[in-house]
Undergrad: 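Before I ask anything, let me first share the structure, which is written out below as structure tokens.
In what follows, chains carry the letters A, B, and so on, assigned in the order in which the sequence lines appear, proteins first and then strands, with residues in each chain numbered from 1. Excluded from the calculations below are hydrogen atoms, water molecules and symmetry mates; all remaining heavy atoms, backbone and side chain alike, are included. Keep in mind that what you see is a predicted model, and the values were worked out from it rather than measured.
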Amino acid sequence: MEKILQVKDLELSFHTFAGEVKAIRGVSFDLNKGETLAIVGESGSGKSVTTKSIMRLLPESSSEFKNGEILFNGNDLTKLSDKQMQKIRGKEISMIFQDPMTSLNPTMTIGKQVMEPILKHQKVSKTKAKEVGIELLRMVGIPNAENRFKMYPHQFSGGQRQRIVIAIALACNPKVLIADEPTTALDVTIQAQILELMKDIQKKVDTSIIFITHDLGVVANVADRVAVMYGGRIVEVGTVDEIFYNPQHPYTWGLLSSMPSMDLAEEKLYAIPGTPPDLLNPPIGDAFALRSEYALKIDMEQAPPMFKVSDTHYAATWLLHPNAPQVDPPKTIIERMKTFRGSRYYEQANGGDA
Amino acid sequence: MRKEELQQLPPEKFERITIDSSSAERISKPSLSFWQDAWLRLRKNKAAIVSMVVLVLLIIMALIGPHLNGHDGEEQILRHANLPPKIPGIEKLGIFDGTGQLGGEKVNLYEIKKVDEYYWFGTDGLGRDLFTRLWEGTQISLLIAFVAAAIDVVIGVLYGGISGYFGGRVDDVMQRIVEILIGIPTLIIVILMLLIMEPGLTAIIIAISLTGWIGMSRIVRAQILKYRGQEFVLASRTLGASDKRIIGKHLLPNIMGIIIINTMFTIPTAIFFEAFLSFIGLGLQPPAASLGTLINDGYKVMEHQPYFLLFPAVVISVLMIAFNLIGDGLRDALDPKMKD
Amino acid sequence: MAENPYTLFLLKGNKVKVCKCFHFEKKLIIQFDINQTHVLWRCNVVKYIGKRLVYMFLTMFLIATATFFLMQTLPGSPIASYNKLNETQRAIVEKKYGIDKPKPVQYAIYMKNLAKGDLGTSFVFKGKSVNDLLASRVKPSFILGAQAMVFGTIIGILLGMLAALKQNTIWDYGSTFFAILGVSIPSFVFASLLQYWVASQWHLLPVGLWNDGWKSSILPSIALAMGPLALSARFIRTEMIEVLSSDYITLAKAKGANGFEIAFKHALRNALIPLVTVLGPVAAGIVTGSLVVEQIFAIPGIGEQFVSSIMTNDFATIMGTTLFFSALLIFIIFIVDLLYGIIDPRIRLSGGKG
């Protein structure tokens, strides 16, 4: 499979009043052509920062790449000049933001905002750009696009604004589309529409999507692969099925257990205890150990490397080390694992041959 | 870490441990109160800190300055009129050595007039010591500013607070009044008031306070309205808290910051208006000195004795800058999101 | 948080739309459900203007009344050399100026004349009407005020932008310091110093008076412009910094816009709109400043006239000028508020955030 974007050992820090905040502490992942990679994690886990650093949208005065590279088209994005980056942004890689209410310029007509990347990156006339713009708006499902071209953002609803933002992002047929929690600020019904739209569009324009979210329900709906982030690191990565039905990292277990579900209505919802790690002084060893009931001695001393589970599935937990004791994941997780071919709880009764 | 190393990790390291879940709930940062946090932020603001030091120095000088060199600010020694500055020690450097202009020539006026005393900042046309008068004037200007600001705060907070907290009819009537008053330019009302009152300290303070409180009352009202509707106040009310408790425990602490910030900007405005009024002749009457009257006197003889204007001009400018910088610093520290 | 909202029910198509409109912190805020159009907004503006006009009238009425009665309590006599006149002469003079009649009658006559725009007759300048007096002096004041306002604001905007774009650099500190000086140093101190150094010592420009055409206006204009310059520089800096950190600027960057486009196309307009709200205070500052600055530079303008009429107890002129200034400032603030509503295409969807 063609790798379109590769992030290798990325480390990034913010310089703040209080000191250096190590927001990303060695993140590596690949994005394949045409796939949707979901990055999940709680607030502050570094998922948004990772994607913003791909776009180089973090304030240069306070953020600093400490290590690693972001390879795109053979270029390391961390090393490009501002001018070179401007040619990539909006053209090769574009982005959709969380809050559609604030991500459009309130004093500019939406037509102008849609046309801007077209005029910027493609050598076309204004009339042509307008045609393309209207076509885009139509594609994302804005009815009566010609007439609404001259309207201002406040004249659109939240869902419509997010559609417009998507249209802007798609204006130059980007190779990579980064969606930073694009549905979080929307009503549930609108969320579903936007997700449908994105899936629909991905088929049409064949772009790769990085989808950031903390909502596992959304992940199951859109993603091909999932990366789970915690404390500035990716702790587990795999296909959707692997993450949902054969999770290995205690944090992933926690995330999945805290997801409300219809068929497991019997007991109270699980909540992961504690708070995310303080990235100002990140803990030595496994950042999640302090909140985990599966902590090992070594978790306090050394950060776990990525252990391979399958060709597509990796997890950073000492539990996967050959010397580690066998532990039983939470009950709900075992239930899940029972249905996954290849997991140690897989029940043949369900018709498999493991 | 390489593969071999991974393999060699001793098994005992993989013992399970129990984490005290309370330690997971511990808060990693020391918790700071709002004011501690604000002070921390303010301390980082060098300009504000320097301004505070300067301001304290100026206040100290305003208090002890008039008694430093043994001259009396109202004592008129006509023989010593119009002397340029002469400071012991510094005079040897060729500045402040008593040299002034007489008939277009540079001469040492102290020698000509046979004056043995030192007048650090020179004397005015009546032979009064300008150093003493400068600090007396600073004292008066600061007094006016502080009193006017205090009155603004009291009236403004009460008016805005009552209007915002009780709302409804009361608010309606009170706001109608404010809406009419706010249309009246401050300048106009201040000048009119001074015309009908006996000129002097009280008149200036009243004139400045007369419109000053309106801005404060509007800010306080807006803040009260903002917080009154918020959940924590509703929650407190649901739990049966009295008006007094809600105001004292919930509303006041939240709007304290904005009141302080606004006061810090009221003070320089008052200093300015006092000086302005004195400059156009509506302020303090002689022999009382304020920074404004000193600037006014100095301006009249600017051609020949520029230092006469310069010293009060510098003091008033430094005062205003210091107050503005402290206000800015406080605003950033107390309420980073607040704008002008 | 609605500040005395009035509710409007408007029929659009066959739907009834409800919106609230109120005046808050000098900003017109219109609150209503999404998907309204400009038509509705204009309806509100008409009502808003009506309300404002009523208040303007009330304020002016109050000022006129207050001015009249305050003047009556003034110590000293309005007529020069009053003491030298004998009984009959006094009676003649009093009759001529209408001050022999009872106060309420004087008041009624005064208000009636005022309604016709007649500000009365000067007590000091024999037989000259206050209207003529003001008219003969309006030109220099207007030129100075306009120059100070226009140049001060423009330079201030540029300075503020520079500071915001180069935040925390020497440019920022430099222009911020300059702005602090401008806000802090009283205009008459600045004017005196300018006059002393530039005119008296270096002989670059005229010391005062209005005889050298444009040259005469330079120094007083600079002295008056410092306030607006500093105020707008500070204001634009704060606004710009906030705008620059907003989501739509990030989106503009994500589109590939360069620094110049972001500063001027996206950020400036949004930062300028709120600047309009401080134009009122700025104008008031210029009027205040003109009193002293015109006196210092001996400019034959209204400010100088006002100060000298205070010195000579010229009641009619004081009253007339006071009313003139009040009307001017009230009108400017009204225009400014209207302008704010007109140039901001965004309609606040909810006041809840304020």
Undergrad: Among C/H266, C/K265, C/R269, find the one that has a side-chain contact (heavy atoms from CB on, under 4.5 Å) with A/N105.
TA: C/H266
Undergrad: Checking A/M55 against chain C: side chain, backbone, both or neither under 4.5 Å from a heavy atom?
TA: side chain
Undergrad: Quick one: side chain to side chain donor-acceptor pair (under 3.5 Å) partners of A/K52, sequence neighbours excluded?
TA: none
Undergrad: What residues of residues 118-134 of chain A sit under 4.5 Å from chain C when only non-hydrogen atoms are counted?
TA: A/K120, A/H121
Undergrad: Could you grab the distance from atom NZ of C/K253 to atom CE of A/M95, nearest 0.5 Å is fine?
TA: 12.0 Å
Undergrad: If you count every heavy atom of other residues, nucleotides or ligands that lies below 6.0 Å from A/K204 atom NZ, does the total exceed 12?
TA: yes
Undergrad: With a cut-off of 6.0 Å (strictly less than), are more than 12 heavy atoms of other residues, nucleotides or ligands near CZ of C/F178?
TA: no
Undergrad: Using 0.5 Å steps for rounding, measure from the CG atom of C/L251 to the CD1 atom of A/I164.
TA: 11.0 Å
Undergrad: Considering all heavy atoms of both residues, which atom of C/G259 and which atom of A/Q86 are nearest to each other, and what is their separation?
TA: N-NE2, 4.1 Å
Undergrad: Is C/A267 close to chain A through its backbone or its side chain, or both, or neither, when contacts mean heavy atoms under 4.5 Å?
TA: neither
Undergrad: More than 12 heavy atoms of other residues, nucleotides or ligands under 6.0 Å from CZ of C/F151: yes or no?
TA: no
Undergrad: Please flag which part of A/I168 lies under 4.5 Å from any non-hydrogen atom of chain C: side chain, backbone, both or neither.
TA: side chain
Undergrad: Would you compute the distance between atom NZ of A/K83 and atom CG of C/N258 and round it to the nearest 0.5 angstrom?
TA: 7.5 Å
Undergrad: Answer whether the closest heavy-atom distance between the side chains of C/T250 and A/F97 falls below 4.5 Å.
TA: yes
Undergrad: Give, for atom OH of C/Y248 and atom CG of A/D99, the distance between the pair rounded to the nearest 0.5 Å.
TA: 13.0 Å
Undergrad: Can you tell me how far apart CG (C/D247) and CG (A/D180) are? Round to the nearest 0.5 Å.
TA: 9.5 Å
Undergrad: At a 4.5 Å cut-off on heavy atoms, which part of A/Q113 comes close to chain C: side chain, backbone, both, or neither?
TA: both
Undergrad: With a 4.5 angstrom heavy-atom cut-off, is it the side chain or the backbone of C/E261 that approaches chain A, or both, or neither?
TA: side chain
